[in-house]
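Proteins come first, then strands; the chains are lettered A, B, ... in the order of their sequence lines, and each starts at number 1.
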Protein chains: 2
Amino acid sequence: MARNVAARAGKRPGKRLSRGHDAAATREALLKSATQLFAERGFDAVTVADIAQQAGVNKALINYHFGGKLQLYRTIVRELFNELVVRVEPLRHDARAPGEVLRELIAIVGELAMTQRPHFPRMLLREVMAGGPHLDQEILAYPMRVFAVVRETIARGIQEGVFRPVDPILTHLSLVGSLVFFFATADFRRRMMAQARLAIEPPAPEAYVRHIQDLIARGLAVDEP
Amino acid sequence: MARNVAARAGKRPGKRLSRGHDAAATREALLKSATQLFAERGFDAVTVADIAQQAGVNKALINYHFGGKLQLYRTIVRELFNELVVRVEPLRHDARAPGEVLRELIAIVGELAMTQRPHFPRMLLREVMAGGPHLDQEILAYPMRVFAVVRETIARGIQEGVFRPVDPILTHLSLVGSLVFFFATADFRRRMMAQARLAIEPPAPEAYVRHIQDLIARGLAVDEP
DNA sequence: GTCTATAGGCTGATAGAC
DNA sequence: GTCTATCAGCCTATAGAC
């Protein structure tokens, strides 16, 4: 699979350029392999040669399409953050019970990390642990928008008398933190348990999501009289 | 503070070596600066020149004292893991109520991350996210020993009828994960909130520890009749 | 658009004086 | 034990052919 041509988007319809294979496919292949490698090893440990080789393209094309290694990285982080916010923000107008809205939010984060964007938690954590050196103001607003959903939902739950008067920030961090940690470290657990001859299976992501849903729901509920 | 001589341990009492300043102090200075830098930037992003400069010693001494950059890193990770296990393992023989033992375990992790070893969560997370490439079998046993404490405590709680029949692995991961995430990302929040003109203060670590204690206690408790 | 070849800079490690 | 000087290797980015 040295040349994986796919996803011919409809740009410049009918016009085939003189030489080369497909600019859009090259771009996508670079984004895909770079996302995986950055998540696994971090920005500095990945070389543009690694990315180009895994994508099956020449390394000079990273400069041509993205203007360098750093801007390739920035593009990836921005798109990942954006996708999360787009999925979560509609919950601000969800009229269901606050407990149900939080369950849904947890499910969305879990689904994103499980299937569509498995590298998101690690890239997010790496960036945040480094102090966010690659983040611009636009990207920095995204986490706040996710928090806003949690904050409003919790405020509504407290007002309606179904949640204890918990701190929304602490609740948000425990909710997001337990999920991000789980998915960021899932590969490690799988590798360790496969290497050891233990009969223990690594925990299923779906089970963990349900566990967090229950933990948060019970942890926030008001005391029964 | 170009030459921070401190902590003259009692090795080779009375015998001062011919030249140089103090081998033990040099070693400690290198460990200290390397721990901070590795936690902030990760193994690959840190150069031996960075470490040596921050420690105020010559970079060739890293090879003399530790045998290279990698072995310096391994020494740090091993000591951090070891310190956590030493503190947590006595809880296996703690006769208090299971809920109290878990509260104590959470408090220990929080205290370690707050004061003694503030770089531990980030170093742990970085290593695990990378798949543990620098860990040997000895270090890999440490996380299992922490989990054993949680597993036994939860089993006792279920048996005594005070905990729901929760999965010990999922509970352990949510407990450790929410704490590690919080402390690994605390620097980022502080920096962001200082930069923005927001009047919001970053959440206090002590408050977060209590929040997790309550969340776990309530989340595991059996339903009241 | 894509490729080869190479420039220019930085890295970890070491040899050898003191 | 500590330092200076130096090396070989690898990195990103670019120039220029096609």
Side-chain angles (χ1 to χ4, degrees), chain A residues 2-9 11-12 14-31 33-34 37-38 41-76 133-134, chain B residues 2-9 11-12 14-31 33-34 37-38 41-76 133-134:
Chain A
R3 196 72 51 176
N4 184 356
V5 178
R8 301 180 176 256
K11 296 184 178 179
R12 294 186 296 280
K15 187 173 180 183
R16 194 81 276 134
L17 287 159
S18 54
R19 284 248 278 135
H21 298 281
D22 190 323
T26 297
R27 216 185 120 91
E28 284 305 310
L30 283 171
L31 282 172
S33 63
L37 289 169
F38 282 143
R41 308 182 203 167
F43 183 81
D44 296 279
V46 174
T47 70
V48 292
D50 294 336
I51 299 169
Q53 188 189 3
Q54 179 153 334
V57 305
N58 190 278
K59 73 189 174 111
L61 295 176
I62 289 173
N63 290 289
Y64 179 80
H65 283 288
F66 298 96
K69 183 186 178 183
L70 178 60
Q71 286 173 267
L72 168 59
Y73 180 87
R74 280 204 174 112
T75 303
I76 292 168
H134 311 298
Chain B
R3 197 71 51 177
N4 184 355
V5 179
R8 298 179 178 254
K11 297 184 179 180
R12 293 189 297 278
K15 186 173 182 183
R16 198 79 276 136
L17 288 161
S18 56
R19 284 249 279 134
H21 299 280
D22 190 323
T26 297
R27 218 186 119 91
E28 284 306 310
L30 283 171
L31 283 172
S33 64
L37 289 169
F38 282 141
R41 308 181 203 168
F43 182 81
D44 295 279
V46 174
T47 70
V48 292
D50 294 337
I51 298 169
Q53 189 190 2
Q54 179 153 336
V57 306
N58 190 278
K59 75 186 174 110
L61 294 176
I62 289 173
N63 289 289
Y64 179 80
H65 283 287
F66 298 96
K69 183 186 178 184
L70 177 60
Q71 286 173 267
L72 168 59
Y73 180 86
R74 280 204 174 112
T75 302
I76 292 168
H134 311 299

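- Atom C1' of nucleotide D:dC10 and atom CG of A:Asp44 are separated by 14 Å, given to the nearest angstrom.
- For B:Asn63, counting side-chain heavy atoms from C-beta on, the closest listed nucleotide (C:dC3, C:dA13, D:dA13) is C:dA13.
- Counting to the nearest Å, the C1' atom of D:dT12 and the CZ atom of A:Phe43 are 10 Å from each other.
- To the nearest angstrom, P of D:dT12 lies 15 Å from CG of A:Leu61.
- Side-chain N or O atoms of A:Lys69 include one that pairs as donor or acceptor with a backbone N or O of A:Phe43 at under 3.5 Å.
- Per the geometry, CG belonging to A:Asp50 stands 13 Å off P belonging to D:dC10, to the nearest Å.
- With contacts defined as side-chain heavy-atom distances shorter than 4.5 Å, the pair B:Asp50/B:Arg41 qualifies.
- For B:Leu30 and D:dC3, the CG to P distance is 10 Å, given to the nearest whole Å.
- A 4.5 Å side-chain heavy-atom check between B:Arg27 and B:Thr75 finds at least one atom pair inside the cut-off.
- For C:dT2, the OP1/OP2 oxygens have no side-chain nitrogen or oxygen of A:Asn58 closer than 4.0 Å.
- Relative ring orientation between B:His134 and B:Tyr73 is described as perpendicular, the plane-to-plane angle rising above 60° on a 0-90° scale split at 30° and 60°.
- Listed candidates were C:dT2, D:dG1, C:dC3. Nearest to the side chain of A:His65 is C:dT2.
- The closest side-chain heavy-atom distance from A:Ile51 to A:Leu72 is below 4.5 Å.
- Between A:Thr26 and C:dT2 there is a side-chain polar atom (N or O) within less than 4.0 angstrom of OP1 or OP2.
- Remark: C1' of D:dG1 and CD1 of B:Ile62 are 15 Å apart, rounded to the nearest angstrom.
- For A:Thr47, the side-chain atoms get nearest to D:dT12 when compared with the rest of C:dA13, D:dT12, C:dC3.
- Atom-to-atom, CG of B:Asp22 to C1' of D:dT2 comes out at 13 Å; the value is rounded to the nearest Å.
- Sequence order on DNA chain D of the closest nucleotides to B:Tyr64 and A:Lys59 puts B:Tyr64 first from the 5' end.
- As rounded to whole Å, 17 Å separates atom C1' of D:dT12 from atom CD of A:Gln53.
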